Number of protein chains: 2
Amino acid sequence: MIAELKITPLRYVLAVVDHGGFHAASRYLHRTQPALSMAIRELEGRLGEALFEKGTKATLTPYGSYCLPRFRELINQHDRLSRELQARAAREAGQLDMAVVPSVASRLMPKLLSEFVSRYPGIKVGLHDGNADFVREQVISGQVDIGLSSLWGSDEELQFQPLFHDEVGVVCRDDHPLAGRTSLMWQELQGESLIGNGTSRLLQGTAAESLLEMHDLYISNMISLTATLVAGMGVTTLPRLAFPQEYERLRFIELADPSVSREVGLIRRKGYSLSPAAQAMTDFIIESLGASGIPLQ
Amino acid sequence: MIAELKITPLRYVLAVVDHGGFHAASRYLHRTQPALSMAIRELEGRLGEALFEKGTKATLTPYGSYCLPRFRELINQHDRLSRELQARAAREAGQLDMAVVPSVASRLMPKLLSEFVSRYPGIKVGLHDGNADFVREQVISGQVDIGLSSLWGSDEELQFQPLFHDEVGVVCRDDHPLAGRTSLMWQELQGESLIGNGTSRLLQGTAAESLLEMHDLYISNMISLTATLVAGMGVTTLPRLAFPQEYERLRFIELADPSVSREVGLIRRKGYSLSPAAQAMTDFIIESLGASGIPLQ
DNA sequence: ACTTATGATAAGTTTTTCTTACCATCAAAC
DNA sequence: GTTTGATGGTAAGAAAAACTTATCATAAGT
């Protein structure tokens with residue numbers, strides 16, 4: 001038979017000792033003195049030994065003296081835990097990991113993260129980037145709490161919350177014949193040296209699908225792709241967010257017909273709720289991107 | 001505001017997880033299922049975050065998964081403490097120190113202790129021996145829990161529980177003229193070479209008091225005293241318990257007139273209660289010595 | 001479709017905890 | 001020496017908490 005030591009009576013014992021009496025302790029605890037007497041007597045009954053001497057003064061027995069620091073220790077452990085768990089629930093502490101596609105990582109996350117950490121100083125964020133399949137995999141396996149990417153088709157295991165549309169356009173060097181245009185139709189790309197990349201599958205199922213067959217070159221790595229474009233070896237299609245602004249010689253021209261876009265949104269496991277920290281990030285992202293509409297300049 | 005996490009609802013959470021559901025857990029805990037539902041819901045309210053998913057299955061949320069091992073840890077600490085304190089109260093564990101005079105240490109304690117440790121296998125005993133003043137000092141200062149000695153006069157700080165009378169007699173070598181006697185009167189010691197020792201003050205206030213003035217020699221150390229007696233350099237007075245039986249050539253002769261004795265008993269601090277272990281020892285000693293009457297053979 | 005699980009909810013009961021009111025004891029103050 | 005103001009303990013009833021019974025809605029198994 002193991003006695004259930006409730007935390008409250010232990011606190012009463014500490015208070016009586018610390019304040020030197022039942023009355024003083026009762027004032028401190030906002031309880032009446034008999035409440036303490038009875039609770040402590042109850043505790044003594046459970047333990048099978050008196051904690052306080054019978055006399056008029058509130059003096060500990062040797063057994064009580066032995067118990068006191070142990071009570072204090074248990075209470076401290078309790079309070080520490082309670083505080084920690086409450087802090088997590090209140091988003092004042094915690095940890096979250098998210099997986100995002102590179103375009104989001106480089107164009108969206110810097111500003112988002114800096115605002116997030118200043119709003120939630122206690123939360124630690126882990127950011128992992130990779131292509132859409134990587135993001136999907138990480139979310140499904142539970143390696144990360146949430147993902148930021150686009151999803152093709154519906155997924156049984158995932159829940160997708162759309163955030164914004166990212167229009168696909170053509171990227172070429174500034175001396176290319178099409179470079180000065182603000183928009184164009186897919187037919188105008190006939191005969192161009194078109195380079196495929198990881199986002200090319202966005203064209204599948206659109207009027208521009210036949211462009212996919214024109215690929216002489218397929219480059220998945222973004223650095224290689226841009227270097228190739230800068231070298232003037234061809235053009236490619238990219239969502240606007242994935243267009244690397246930092247290259248002066250590259251131009252982005254909207255694809256007006258057909259209008260092709262990917263839908264970027266939050267990805268999470270279906271049927272699972274989020275950790276408080278991940279929920280905070282989710283709410284924060286929806287609030288940030290939802291309010292400002294299109295997130296890019 | 002720090003939330004008070006009661007131990008019982010934490011146990012409920014563990015049971016639900018361990019048994020894979022509220023119903024299974026309720027059977028295990030001998031509670032009804034709504035009791036668990038409500039208690040856990042209450043706990044979730046305190047923490048400010050759900051522990052279980054809302055769906056039909058009893059699945060932990062990520063927050064719940066985070067909490068679970070911490071709940072388990074707190075409960076383990078609680079149980080360990082509860083068990084330990086109860087074991088002490090039940091005298092199944094603990095520690096006690098006692099101070100005794102050398103005669104008690106060598107003649108009484110060996111048997112007493114061996115019986116005590118077999119009766120209370122969990123209790124550790126520390127035995128410290130010294131003269132009556134040492135015992136008194138150790139008890140008053142709280143260095144030891146109890147003392148076994150005789151007390152002269154009443155002491156404000158000490159409580160004395162008499163156990164038995166220890167008669168004073170004369171000790172001499174087997175070739176001494178008095179050696180064959182079974183009892184004698186103090187006058188018969190006139191002219192003898194009387195050696196004083198730590199117990200000589202027992203004669204104070206008795207008819208034999210004048211013997212104290214006859215001391216040519218005073219030897220406090222027992223080994224030295226016996227060596228001197230064995231050397232035939234004189235006689236001394238000792239309580240029977242202090243008479244060292246292991247010396248073949250020494251004889252103990254009762255002092256019939258006046259009959260002088262010391263009262264040996266338990267000494268403890270007045271107004272303080274004993275630790276469970278010390279109480280066990282006290283009870284044991286009273287039971288052992290009280291029943292058998294005179295403890296010596 | 002029917003049965004049998006699951007957990008949630010509502011109302012009422014039991015148990016626990018606390019307060020009010022009072023008592024006994026002790027110590028310092030008048 | 002009595003009085004006063006502390007101390008803590010006790011008893012009865014009120015308030016709060018925990019639990020049970022009864023019932024429901026929903027999902028999964030047959």
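Here is how names work: the chains are called A, B, and so on, in the same order as the sequence lines, proteins then strands, and each is numbered from 1. This one's a predicted model, so the numbers in the text were calculated from it and none came from an experiment. Worth knowing before you read on, the calculation uses all heavy atoms, side chains too, and leaves out hydrogens, waters and symmetry mates.
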| query | Is there a donor-acceptor pair under 3.5 Å between the side chain of A:R268 and the backbone N or O of A:L266? | reply | no
| request: For the pair A:E44 (side chain) and A:F52 (backbone), establish whether a donor and an acceptor sit closer than 3.5 Å, ignoring hydrogens and angles. | output: yes
| Nearest non-hydrogen partners of A:P162 and A:E263, listed with the distance | CB-OE2, 3.2 Å
Between the protein and nucleotides 27-30 of chain D, which nitrogen or oxygen pairs come in under 3.5 angstrom?
none

| remark: Within residues 30-54 of chain A, those residues having any heavy atom closer than 4.0 Å to DNA chain C are A:H30, A:R31, A:T32, A:P34, A:A35, A:M38
| Residues from residues 4-29 of chain A lying under 4.0 Å of DNA chain C - heavy atoms | A:K6, A:Y12
| request: State which residues pass ring pair (Phe, Tyr, Trp, His ring centres under 6.0 Å) with A:F284; sequence neighbours excluded, sorted by chain then number. | output: A:F116
| Residues in salt bridge (Lys or Arg N to Asp or Glu O under 4.0 Å) with B:D283, at least two apart? | none
| Would you say A:K124 has more than 12 foreign heavy atoms packed within less than 6.0 Å of its NZ? | no
| said: How about OH on A:Y272, more than 12 heavy atoms from neighbouring residues, nucleotides or ligands closer than 6.0 Å, or not? | reply: no
| field | Test side chain to side chain contact (heavy atoms under 4.5 Å, CB included) applied to B:P34 - qualifying residues, sequence neighbours left out | value | B:T32
| remark: B:R83 meets the side-chain hydrogen bond (donor to acceptor under 3.5 Å, both in side chains) criterion, sequence neighbours left out, with none
Per-pair distances, 0.1 Å, donor-acceptor, side chain in residues 126-134 of chain B, under 3.5 Å, sequence neighbours excluded:
residue : atom : partner : partner atom : Å
B:H128  : NE2  : B:D97   : OD2          : 2.8
B:N131  : OD1  : B:D133  : N            : 3.0
B:N131  : OD1  : B:F134  : N            : 2.9

| said: Taking the basic N atoms (NZ, or NE/NH1/NH2) and the acidic carboxylate oxygens, is any pair closer than 4.0 Å for A:R136 and A:D155? | reply: yes
| task | Output yes when A:K57 and A:E53 qualify as a salt bridge under the 4.0 Å nitrogen-oxygen rule, no when they do not. | result | no
| task | Tell me the stems DNA chain D sits in, counting at least three consecutive Watson-Crick or G-U wobble pairs, each under 3.5 Å on both distances. | result | C:1-30 with D:1-30
| If you look only at pairs with a residue in residues 60-70 of chain B, which of them pass as a side-chain hydrogen bond (donor to acceptor under 3.5 Å, both in side chains), with sequence neighbours excluded? | A:E84-B:Y66, A:R88-B:Y66, B:Y66-B:R70
| said: Under a 3.5 Å cutoff, is there a donor and acceptor pairing between the side chains of A:R31 and A:T8? | reply: no
Output a table of donor-acceptor pairs, distance under 3.5 Å, between side-chain atoms of residues 16-25 of chain B and any protein atom two or more places apart or on a different chain; print 'none' if there are none.
residue : atom : partner : partner atom : Å
B:D18   : OD1  : B:R72   : NH2          : 2.7
B:D18   : OD2  : B:R72   : NH2          : 2.8
B:H19   : ND1  : B:A15   : O            : 3.0

| query | Just the endpoints, please: which first and last nucleotides of DNA chain C, 5' to 3', lie under 4.0 Å from a heavy atom of chain A? | reply | C:dT17 to C:dA21
